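Before any comments, here is the structure.
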Amino acid sequence: MRQWMLRITAYAEKLLADLDTIDWSDSLKEMQRNWIGKSEGAEVVFEIDGTRIRAEEEYEKVTVFTTRPDTLFGATYMVLSPEHKLVRSITTQAQRAAIEEYQKITASKSDLERTELAKEKTGVFTGSFAINPVNRERIPIWIADYVLASYGTGAIMAVPAHDTRDFEFAQKFNLPVVQVVEPPAGKDWQGFTDDGVAVNSDFISGLPTQEAKKKITKWLTDRKLGKKTINYKLRDWLFSRQRYWGEPFPIIWKKDAAGNLYHEALPESSLPLLPPTLEDYKPTADGQPPLARATDWLHLPDGSLRETNTMPQWAGSCWYYLRYLDARNTGAFVGKDVEAYWMGKSEVTKPGVDLYVGGTEHAVLHLLYARFWHKVLFDLGQVSTAEPFYKLVNQGLILGEDGQKMSKSRGNVVNPDDILVEYGADAFRLYEMFMGPLQDSKPWNTKGVEGVYRFLGRVWRLFVDETSETEFEQAETTATDKANVKLLALIALNASIKDVPASPGQLKPLHTCIKKVTEDLDAMRFNTAISAMMVFISEAMKWEIQPVSVLATFLQLLQPFAPHLAEELWSKLQALQAGAPATSLPYTAWPKYDAALLVEAVIEIPVQVNGKLRDVIKVAITATAAELEALALKNENVQPYLAGKTVKKVIVLPKKLVNIVAV
RNA sequence: GCCGGUGUGGCGAAAUGGCAGACGCACAGGACUUAAAAUCCUGGGACCAUAAAAAGUCGUGUGGGUUCGAGUCCCACCACCGGCACCA
């Protein structure tokens with residue numbers, strides 16, 4: 001079957017290097033690094049003994065990949081993957097049956113079986129020998145399924161003394177183990193896989209691992225027996241599917257004069273290419289993808305044929321954030337100006353998507369694929385930035401009430417719809433933000449929703465007159481038209497809310513709250529921002545008169561957390577404020593706090609003796625270090641702890657604390 | 001096995017190296033009520049003590065270390081969560 005691949009491996013290096021330029025969590029970056037799996041090493045060419053008849057002929061050769069070329073002198077055998085193309089030609093007559101049997105067994109195993117049954121090493125000797133290029137030693141060539149055809153060259157040199165897998169294999173099949181690395185004192189050289197010093201290795205003996213690698217790689221390169229190589233675990237991306245639902249490829253197939261097929265991209269003028277309407281979405285009888293059923297669509301007037309594979313689901317998720325910027329643009333996938341405005345860097349916007357919040361389940365696939373597409377578009381000059389998502393936050397998983405992952409089988413699923421009906425969207429939203437840090441996984445607790453629901457109730461009662469609410473409720477029960485919005489007009493504000501200037505004692509808690517909420521929003525610490533608002537409300541409930549200006553500012557702070565409630569109360573407040581323009585909350589300027597209002601005249605200073613708290617004293621904020629020290633030393637709760645001791649030192653931090661060191 | 005993260009009351013959690021447990025849940029006591037719900041007030045880490053308190057001792061997974069002072073910094077270990085896993 002002919003399939004399409006995207007050459008993501010060509011971007012492996014950029015995808016890896018640019019991780020350093022983006023603000024993602026370490027764990028996420030690490031997952032991508034592991035997925036890309038860069039490893040530096042060398043390819044080494046081994047000749048196969050007995051594969052030439054005359055001296056002037058070349059031997060058959062096998063190339064292996066190793067990250068430890070410095071251990072080449074310790075290679076005591078070689079392993080090819082069972083699928084390696086040379087296996088057939090080098091297998092001797094005596095070994096042929098055993099080899100073919102082993103290949104058959106391997107082929108019948110799934111990838112999963114091959115790795116899960118990995119405890120015990122298996123393999124078969126081919127009967128042939130390779131020649132170690134550094135010392136001309138003959139080493140046996142085996143095949144074994146612990147060597148993967150898809151990685152490196154599909155062949156390895158085995159150094160059992162310094163590789164765990166090779167060591168296990170050598171033990172099982174009684175192959176020789178030769179030490180070529182001297183570990184640090186106290187460690188056994190057998191199975192030692194870290195860096196050490198080369199031994200028994202001719203011209204690299206005595207060199208530390210890193211230098212030994214360089215020297216032997218150069219030696220091999222000079223003699224054309226090998227070269228420095230970088231390998232990636234990242235594979236090219238199989239990008240076609242044989243089903244209907246997916247974007248069709250804008251590709252057509254033609255025949256040249258000799259009758260050979262070749263393909264061409266559709267011109268930009270015939271984009272976007274839409275899928276044809278089909279009655280039947282199944283593949284054709286002869287195994288063609290469903291699109292082949294649309295004969296009118298399939299055949300172009302000039303005799304060429306359309307590609308019938310479709311793209312996988314990933315295709316859309318790789319660029320949707322760009323299309324969203326300019327979704328109605330019929331001339332391009334996104335307008336250049338629009339793209340530059342939203343994705344480019346400016347004084348107000350960060351480069352790329354400002355903030356991307358998503359779950360870890362996308363850590364390697366979606367997030368790597370999207371970065372790849374974006375980089376291709378960037379190299380084509382179609383987008384302004386090299387990365388799509390400079391700042392990314394993984395929200396934590398909400399677990400069931402039992403602390404387990406929610407799942408139907410466990411029966412611990414909480415349906416948001418039920419919560420919305422019971423407590424409303426504001427309470428639901430507020431609770432999710434209040435539960436704890438955004439990035440953490442944490443268990444759901446419906447009682448906790450009641451807590452924030454009660455807080456919203458307190459906010460409501462701070463603003464709304466109770467008797468008017470009762471009237472509203474009665475009117476609502478008797479009303480014939482339940483949806484009558486005018487009934488809401490019955491709800492009146494508390495008489496204690498007045499358009500009067502705020503006192504310093506009222507401004508201080510307000511500005512404390514503005515500061516905390518502002519800072520916490522920036523750092524996405526929603527839980528502590530909400531806590532600050534709870535503290536403010538408890539305070540404001542104690543006041544006899546609530547100035548409109550103070551409550552209005554509070555609503556601005558509440559708006560991002562509980563938008564519906566805040567907007568409703570805001571509209572009521574505006575009626576009280578003479579000449580206030582009728583604006584909607586999200587369009588008002590975010591409040592600023594006045595640091596001067598937060599300063600305390602008298603503060604509490606903890607007094608410690610040898611680091612232990614003994615008293616707290618109240619002092620003027622202006623108290624000097626000398627005054628604090630004097631006050632602390634003569635403090636009656638402190639005195640007993642100084643009795644019979646000498647004061648060695650007194651640590652005084654004005655506005656902070658006093659610590660007396662006494663021995 | 002390797003990589004990343006997290007360990008603080010009964011529970012969710014706070015805490016620029018400086019009063020551990022803010023805020024919330026659950027719980028207990030009280031007020032209002034004929035009663036309940038709702039609401040409001042009060043209490044609360046553990047231990048020891050007491051009629052009740054005060055005072056005291058211990059306390060942020062475990063063991064060390066740095067510091068006048070460590071939940072916070074350093075070293076070792078344990079447990080849990082997530083990811084990768086014969087990648088040479």
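We use all heavy atoms of the structure for the numbers below, so side chains are in, but hydrogens, waters and symmetry mates are not. Since the model is a prediction, treat every value here as computed from it, not as a measurement.
Checked against the 6.0 Å centroid threshold, A/F526 and A/F434 do not count as a close aromatic pair.
Taking OG from A/S81 and OH from A/Y151, the interatomic distance works out to 14.0 Å, rounded to the nearest 0.5 Å.
The same atom, P, is picked in B/A53 and in B/A46; the two are 13 Å apart, to the nearest Å. On the P atoms, B/U42 is 14 Å away from B/C25, given to the nearest whole Å. To the nearest whole angstrom, the two P atoms, one in B/C77 and one in B/G1, are 13 Å apart. To the nearest whole angstrom, the two C1' atoms, one in B/C27 and one in B/G45, are 15 Å apart. Atom C1' of B/G64 sits at a distance of 14 Å from the matching atom of B/A70, rounded to the whole Å. The same atom, C1', is picked in B/U50 and in B/G56; the two are 13 Å apart, to the nearest Å. Between B/G18 and B/U67, the distance separating the two C1' atoms is 12 Å to the nearest Å. Using atom P as the reference point in both B/G44 and B/A20, the two lie 16 Å apart (nearest Å).
Residue-level contact check: A/F536 touches neither bases nor backbone, having no heavy atom under 4.0 Å from any strand. Counting any heavy atom pair closer than 4.0 Å across all strands shown, A/K233 reaches a base atom. As judged by a 4.0 angstrom heavy-atom cut-off over every strand, A/V650 is placed among residues making no nucleic acid contact. Looking at heavy-atom distances under 4.0 Å, A/S39 makes contact with sugar-phosphate atoms alone, never a base. No engagement by A/T360 is indicated, since no non-hydrogen atom pair under 4.0 Å with the nucleic acid exists.
At a cut-off of 3.5 Å, with distance as the only test, a side-chain donor of A/Y423 or A/E450 sits close to an acceptor on the other residue.
A heavy-atom distance below 4.0 Å to RNA chain B is reached by these residues of residues 453-467 of chain A, ordered by number: A/R454, A/R458, A/R461. A heavy atom closer than 4.0 Å to some atom of RNA chain B occurs in A/L653, A/K656, A/L657, A/N659, A/V661, these being the qualifying members of residues 653-663 of chain A.
Between A/F434 and A/Y431, it is A/Y431 whose nearest contact on RNA chain B lies nearer the 5' terminus. Take the nearest nucleotide of RNA chain B for A/I156 and for A/K405: the residue whose nucleotide is more 5' is A/K405.
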(message) For a salt bridge (charged side-chain N to carboxylate O under 4.0 Å, His left out) check, start with the C-alpha distance between A/E432 and A/R429, then their side-chain angles and the critical distance, and finish with the verdict.
(response) CA-CA 5 Å; A/E432 290 213 307; A/R429 176 187 174 90; over 6 Å; no
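A 3.5 Å limit on both hydrogen-bonding distances identifies no Watson-Crick or G-U partner for B/U34. Nucleotide B/G63 is matched to B/C75 when pairs are restricted to Watson-Crick or G-U wobble geometry with both distances under 3.5 angstrom. Base-pair partner of B/G82: B/C3 (Watson-Crick or G-U wobble, both distances under 3.5 Å). Pair assignment for B/G12 gives B/C23, based on Watson-Crick or G-U wobble hydrogen-bonding distances that are each under 3.5 Å. The partner of B/A28 is B/U42, by the rule that a Watson-Crick or G-U pair needs both atom distances under 3.5 Å.
Taking the ring centre of A/W24 as origin, the terminal cationic atom of A/R33 falls outside the region bounded by 6.0 Å and 45° from the ring axis.
Side chain of A/M534, nearest nucleotide from B/C58, B/G24, B/G56: B/G24. Residue A/Y151 has its side chain nearest to B/A88 when only B/C23, B/C68, B/A88 are considered. Of the candidate nucleotides B/C19, B/C3, B/A88, B/C19 has the atom nearest to the side chain of A/V616. Ranking B/A13, B/A22, B/C19 by closeness to the A/P437 side chain, first place goes to B/A13. In the set B/G24, B/C19, B/A88, the nucleotide with an atom closest to the side chain of A/P606 is B/C19. Out of B/G4, B/A14, B/A88, the shortest distance to the side chain of A/T528 is found at B/A14. Of all nucleotides listed (B/G5, B/C86, B/C19), B/C19 comes nearest to the side chain of A/L613.
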(message) Base contacts versus sugar-phosphate-only contacts with protein, heavy atoms under 4.0 Å: please encode nucleotides 72-79 of chain B as B, S and - from 5' to 3'.
(response) --------
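Anti is the classification of B/G45, since its glycosidic angle lies more than 90° from 0.
One cannot find a donor-acceptor pair under 3.5 Å joining the base of B/C11 and the side-chain atoms of A/K447.
Surrounding NZ of A/K172 are more than 12 heavy atoms belonging to other residues, nucleotides or ligands, all under 6.0 Å away.
Nucleotide B/C23 holds its C1' atom 15 Å from the CZ atom of A/R525, rounded to whole Å.
Distance alone, capped at 3.5 Å, places no donor-acceptor pair between the A/N412 side chain and the A/D402 backbone.
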